Protein chains: 2
Amino acid sequence: MVPHLTTALTGPLLELERCFLDRETRIEHWLRAQWQEYVPPFYTSVDLRNAGFKLAPVDTNLFPGGFNNLNPAFLPLCVQAAMSAVERICPEAQDLLLIPESHTRNQFYLQNVARLANILHHAGLNVRIGTLLPEITVPTRIDLADGQHLMLEPLKRLGPDGRRLGLEGFDPCAVLLNNDLSAGVPDMLQGLHEQSVIPPLHAGWHARRKSHHFAAYKQVAREFGAAIGIDPWLINPDFEVCGKISFHERTGEECLAANVDALLAKIRAKYREYGVTEQPFVIVKADAGTYGMGIMTVRDASEVKALNRKQRNKMAVGKEGLQVTEVIIQEGVPTFETVDDGVAEPVIYMIDRYVVGGFYRVNTARGRDENLNAPGMSFKPLAFSTGCSLPDMAQAPDAPTNRFYAYGVVARLAMLAAAVELEQTASDAVAA
Amino acid sequence: MVPHLTTALTGPLLELERCFLDRETRIEHWLRAQWQEYVPPFYTSVDLRNAGFKLAPVDTNLFPGGFNNLNPAFLPLCVQAAMSAVERICPEAQDLLLIPESHTRNQFYLQNVARLANILHHAGLNVRIGTLLPEITVPTRIDLADGQHLMLEPLKRLGPDGRRLGLEGFDPCAVLLNNDLSAGVPDMLQGLHEQSVIPPLHAGWHARRKSHHFAAYKQVAREFGAAIGIDPWLINPDFEVCGKISFHERTGEECLAANVDALLAKIRAKYREYGVTEQPFVIVKADAGTYGMGIMTVRDASEVKALNRKQRNKMAVGKEGLQVTEVIIQEGVPTFETVDDGVAEPVIYMIDRYVVGGFYRVNTARGRDENLNAPGMSFKPLAFSTGCSLPDMAQAPDAPTNRFYAYGVVARLAMLAAAVELEQTASDAVAA
């Protein structure tokens with residue numbers, strides 16, 4: 001039942017891990033106070049990069065799609081955290097509609113949906129799955145490779161004037177999205193004022209911007225750094241934004257080059273301060289969207305001026321074929337962790353305000369300064385063997401249980417930033 | 001790290017387990033609604049008896065003393081649940097004073113205190129341990145057999161007029177009792193109006209009565225039975241009370257004999273209804289107090305009239321030498337579970353409203369209709385190998401994961417009864 005997996009745990013000692021260990025009570029106390037003020041997202045996953053000298057989030061996902069990759073031994077933690085989340089969203093009701101992505105052929109993703117439905121079921125909900133796929137017009141059974149199956153059902157508007165969303169014979173109290181809305185909010189989800197939609201629609205990638213998130217994260221990191229007594233740079237990836245880019249028409253290149261230059265200079269100065277001998281790099285990616293499309297590693301401003309047609313085409317198109325016009329230039333954080341000669345980055349999963357597990361994304365075909373979550377690239381998930389809540393002073397700071405604690409801390413800071421971000425953008429969404 | 005223990009899982013199929021499995025969502029939904037209304041105790045342990053035909057709590061402990069017996073794999077569950085409990089009791093603060101029982105020589109109990117302090121530490125609290133032992137006048141290190149150690153410190157009243165309780169240099173926001181106050185509320189704990197004392201003082205055995213608890217439980221079982229569609233007798237141990245007994249002076253024997261008779265008649269009728277061929281029995285025990293002192297198995301009313309001096313002496317004295325004058329006569333629930341030829345009863349642990357683990361109390365020297373938690377008797381704890389939150393319809397109702405789920409459900413009903421009981425007796429405590 002409990003897989004005893006090796007973990008990616010060789011590399012230089014991270015001073016930060018020792019600091020987190022020493023200050024566990026202050027950290028937990030500080031986080032507890034934050035959750036008195038902000039509402040945590042229903043669920044969150046955070047991609048981290050551990051450079052040895054720096055540990056930072058590089059992507060915060062509000063529609064996590066890898067619950068199937070978590071260690072099954074952590075399922076009770078997921079159920080307990082989901083109980084807490086459910087009390088928040090529909091304490092009185094018991095029917096929940098889950099709307100997944102429309103990938104019916106991605107077995108890994110479908111196993112995630114099955115795992116998620118299972119967690120929510122054990123938390124005490126009747127869960128049914130509604131699909132946005134127009135070709136599914138009757139309940140359709142999808143068999144999974146692992147012997148499970150899912151029942152996908154067509155969505156249906158219910159009630160007077162179709163004010164509610166449900167399925168045939170199923171009028172849920174809340175709608176849980178596991179679909180990131182990259183292509184915008186479908187009509188089926190518009191105007192639902194009587195049911196909670198979780199996460200809120202403005203958390204979808206049609207509206208969300210990485211730069212909003214990382215601006216909120218910067219502020220969180222600053223306050224956390226002040227409270228705990230660390231330089232926020234140790235956990236914060238710096239960034240710049242270019243708002244009007246056309247990779248096809250080659251406009252906005254100057255903005256991009258200037259920002260790449262400025263950011264590389266800042267990183268270089270910090271590397272000097274900390275005696276880091278690595279070559280600085282930045283990551284250029286779409287400010288909206290996910291799934292690792294249009295992501296570029298840049299080590300010098302000249303590189304963004306000399307893109308060939310193929311590179312420009314790749315950068316220009318995001319998920320669901322959307323044009324990329326806004327980009328974020330983010331400080332690159334190399335990963336120093338490896339598993340079986342593959343480069344590894346930790347991904348942390350949270351439900352409500354609790355860390356419920358994590359895994360390593362391992363990619364043997366990519367470098368340590370490249371994006372590991374690219375479409376069509378195989379990555380191997382490697383579930384964490386121990387939890388993230390049991391740091392042990394008696395062990396070395398880089399012992400698995402201590403390293404995972406540090407990952408859980410930084411991931412929760414990113415989750416807190418997402419909570420702040422969603423609160424800020426909620427008022428924009430209402431004002432718009 | 002994760003012990004794979006065998007569990008006490010042979011015996012007749014329990015129809016109730018199948019019923020709980022089928023109705024998991026309704027059960028969780030019903031419990032969720034109760035926690036909207038009642039505040040769960042900080043922590044609770046419940047002794048259960050599984051007769052095959054009946055599954056019932058026989059003791060609900062609000063000062064649980066066996067956290068060290070839980071499977072270490074469940075520690076993250078404990079920490080997560082404790083985080084939730086801590087948010088409730090002192091969201092803003094971080095200093096907690098833990099007051100244990102005054103057994104400094106019981107290594108098992110001291111390991112429980114160490115485990116508990118560890119859980120609370122990981123939940124983000126500075127925990128220090130204050131002792132009621134008058135002989136401890138300076139901080140005193142106690143070494144534990146497993147290599148850990150505890151620091152016991154003398155309690156001290158703080159602030160103007162000594163209105164607060166703490167230690168030298170430590171002014172906590174809350175006081176967590178792991179001491180059941182069998183001998184009454186010591187002066188040191190009187191008049192603390194500025195700090196939360198958890199559980200509240202009236203939860204101590206100086207004031208608490210088993211009959212209050214089981215009256216509340218009877219009501220909980222009735223409502224749960226109605227909601228889920230089961231006969232509450234299947235989960236409820238019937239009881240009677242005698243309020244004025246003196247075992248030494250042989251007064252109150254008639255009350256005792258009459259109530260034993262009446263209760264046995266009721267059990268006999270229910271056994272006929274369900275085709276149970278066992279011989280009915282009742283347990284006579286002190287209405288206040290714990291630790292299995294003064295507990296008697298009775299199969300016929302004549303037995304309580306014919307007690308010899310030795311038996312009377314044994315019944316007359318409870319924990320801390322207190323005289324027993326009030327007794328509860330409780331329906332005996334035989335246990336059908338065995339481990340290594342020993343009789344086994346499950347003990348379930350909860351923090352806040354979550355089940356965090358359990359173990360079997362295994363006793364090779366006692367019969368299946370006797371109390372297994374007796375002073376001086378060796379019992380062997382056997383940690384549950386899986387959690388209590390993951391029933392699996394694909395497995396048999398008596399598979400470990402399903403049986404443990406059933407145990408978790410009944411234990412949570414007993415915890416709910418304790419919440420109701422504490423609310424009811426709080427007003428008595430104020431009125432008194």
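A quick note: this is a predicted structure, and the numbers were derived from the prediction, not measured. Chain A is the first sequence line, chain B the second, and so forth, proteins listed ahead of strands; every chain is numbered from 1.
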Trainee: Between B/E87 and A/R32, is there a salt bridge with N-O shorter than 4.0 Å?
Mentor: no
Trainee: Please output the residues of residues 110-120 of chain B in contact with chain A, using a heavy-atom cutoff of under 4.5 Å, in numerical order.
Mentor: none
Trainee: Please identify, among B/R26, B/Q80, B/Q36, the residue contributing the most non-hydrogen atom pairs under 4.5 Å to chain A.
Mentor: B/Q80
Trainee: Would you mind checking which part of A/Q94 comes under 4.5 Å of any heavy atom in chain B, side chain (CB onward), backbone (N, CA, C, O), both or neither?
Mentor: both
Trainee: In terms of relative ring orientation, are B/Y349 and B/F359 parallel, tilted or perpendicular, with 30° and 60° separating the classes?
Mentor: tilted
Trainee: Kindly say whether A/L97 contributes a backbone atom to a donor-acceptor pair with the side chain of A/R128 at under 3.5 angstrom?
Mentor: no
Trainee: Could you tell me whether A/R412 and A/E28 have a side-chain N and a carboxylate O separated by less than 4.0 Å?
Mentor: yes
Trainee: Please check if atom CD in B/E168 has more than 12 non-hydrogen atoms from other residues, nucleotides or ligands closer than 6.0 Å.
Mentor: no
Trainee: Does any donor atom in the side chain of A/N178 or A/Y43 lie under 3.5 Å from an acceptor atom in the other side chain?
Mentor: yes
Trainee: Is the ring pair B/F404/B/Y360 parallel, tilted or perpendicular, if the boundaries are 30 and 60 degrees?
Mentor: tilted
Trainee: Using heavy-atom distances under 4.5 Å, tell me whether A/A81 contacts chain B through its side chain, its backbone, both, or neither.
Mentor: both
Trainee: Specify which of B/L31, B/L77, B/L125 makes the most heavy-atom pairs with chain A at under 4.5 Å.
Mentor: B/L77
Trainee: Under 3.5 Å, is there a donor-acceptor pair between the side chain of B/Q195 and the main chain of B/P172?
Mentor: yes
